[in-house]
Participant: 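After the structure tokens below, expect a handful of questions from me.
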Amino acid sequence: MASPSRSGVFAAETDQRLEAYAESITFDSRLYQQDIRGSIAHADMLRSVGLITEEEFTQIRKELEVIRGQLDRGELPMRFELEDIHMHVEQALIDATGDVGRKLHTARSRNDQVSTDVRMWIREALDKIDELLLGLQRAFLGRCEDDFDVIIPAYTHLQRAQPVLAPHYWLAYIEKLQRDRGRVADCRARVNQSPLGIAAVAGTTLPIDRQQTAAALGFDGITANSLDTSSDRDFVLESSFVLSMIASHLSGWAEEWILWSTVEFDFIAIPQQFCTGSSIMPQKVNPDTLELTRGKSARVMGSLQTLMLLVKNLPLAYNRDLQEDKPPLFDAFDTTQAMLELATPIVAGAELKRESIAARIEKGYLDATTLMEWMIRKGMPQRTAHHLVGAIVGAAMEKGVPLAELPIETLKELSSEIDESVYEVLGTQNAVAAFCSEGSTAPQRVREQIAVWKERLA
Ligand code: ARG
């Protein structure tokens, strides 16, 4: 059978090789729910403006629902000559209803149809991602009370820098994920504009009502320019950027916890359900889930790259190149979803190795900056204090002790401004307690933030 898109203008049959080359049904069948919902809304609009009769609409809707059932059960055969999901559904309708079905495509093109379907699909997928992001935020938040007593080194350049409360780390990830959710929401607003009714590229001469279909399909409004809309895939690229940013956050987190789970760090135990063994080394418990999270993030970012390249040289408006947007789009969503689904139980179930962390927390002079600020409070210029504390750290290194174990005589030799009260800020416990600024790891500030997030994520 010839493709329904081949009008009477064609004298030759389609080459078989082109049929296989051009089909998208193998991947866009994922849009069938959206396609049928969009078609019913479109037919309903055609009825209300008088382009089809009440009876025709009833028949179309009924038959489209039957087709939906067939698709649900995988009963509608794929035929490459029908190219995509849009023509499969339409042809099934025509096969069942004849001329009535032949009216469905009135004032519609696959160009506005595919954009409508994909926008509806992305909208739902973004909602799912947002739900998963919220779940992951809750997993981090759920750890905050239990881990409140644990002090961990904060690193810069992956060198020990300053001491922080473990929940300060967890809250850091909650913030990142919140920005991700903000991007999801912003993106969703631009996705959720109805393209339906721009038809192929210039609009239609028929008296359609675009507002009606937009409202029926849950869009916030309609797109304003038919040429722009026919060509526009910004929403596909933008959503894949949003996913890439999420993937980047998850990859950084995975890398950190992979390091933390090594013998060298020994900060965390990843739940064994999410680890694998080695086929030769019996002692191995490998953090494969986290490694795959780091690895799969590359796929998500690769999708964004593919999409950027896909659209960059396209003249207005629709070009068939755009069909190639779906595999990277779907893959980016599927991959990000899987990454989030696995991150959440790992975050919730991992155990901090309290003793191991505590055994080495006084190494690395995490309290040096606190000491410097103590000198500043005494009236010493920052640069002078910075230099002095460097010398004090040098003396401690020589003796092989932490700052808190330097005898007062040694300290006084290095600066006459130091007295016994200096010990109140030395040692990581004291150093953490000395913080006060907003956004810092000060226990009171961290408590406030936990309370804020408990309310926000409730
Ligand atoms: N399968 C096509 C796509 O995904 C649908 C639009 C086809 N439009 C066209 N004028 N051939 O882009």
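Every number for a ligand or one of its atoms is a count from 1 in the order of the listing.
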Participant: Looking only at protein heavy atoms, identify the closest one to atom 10 (N) of ligand 1 and say how far it is in Å.
Facilitator: Asn111 OD1, 3.1 Å
Participant: Tell me, which protein residue and heavy-atom name are nearest atom 11 (N) of ligand 1, and how many Å apart are they?
Facilitator: Arg110 NH2, 3.5 Å
Participant: Out of Gln178, Glu256, Gln137, which residue meets the side chain to side chain donor-acceptor pair (under 3.5 Å) rule with Tyr173?
Facilitator: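 Among the candidates, only Glu256 passes.
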Participant: What do you reckon, is CD of Gln429 surrounded by more than 12 foreign heavy atoms closer than 6.0 Å?
Facilitator: no
Participant: With a cut-off of 4.0 Å, which atoms of ligand 1 are near a heavy atom of Gln323?
Facilitator: 1 (N), 2 (C), 3 (C), 4 (O), 12 (O)
Participant: Under a 4.0 angstrom heavy-atom cut-off, which atoms of ligand 1 come close to Asp84?
Facilitator: 1 (N), 2 (C), 5 (C)
Participant: So, do Arg30 and Asp334 sit near enough that their side-chain heavy atoms are less than 4.5 Å apart?
Facilitator: yes
Participant: Side chain to side chain contact (heavy atoms under 4.5 Å, CB included) between Asp15 and Tyr21: does it pass, once the steps are laid out?
Facilitator: CA-CA 10 Å; Asp15 189 290; Tyr21 194 60; over 6 Å; no
Participant: Using a 4.0 Å cut-off to any heavy atom of Ser24, which atoms of ligand 1 qualify?
Facilitator: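 Checking each atom against Ser24, I get 1 (N).
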Participant: Any idea which part of Lys326 is under 4.0 Å from ligand 1, heavy-atom wise: side chain, backbone, both or neither?
Facilitator: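 The side chain, only.
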Participant: What's the shortest distance from atom 7 (C) of ligand 1 to any protein heavy atom, and which residue and atom give it?
Facilitator: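 Heavy-atom neighbour on the protein nearest atom 7 (C) of ligand 1: Tyr318 OH, 3.4 Å.
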Participant: With distance as the sole criterion, is a donor-acceptor pair present between the side chains of Gln323 and Arg320 under 3.5 Å?
Facilitator: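 Yes.
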Participant: Minimum heavy-atom separation for Val236 and Leu329, please, with both atom names.
Facilitator: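 Distance-wise, the nearest heavy atoms are CG1-CD1, 3.8 Å.
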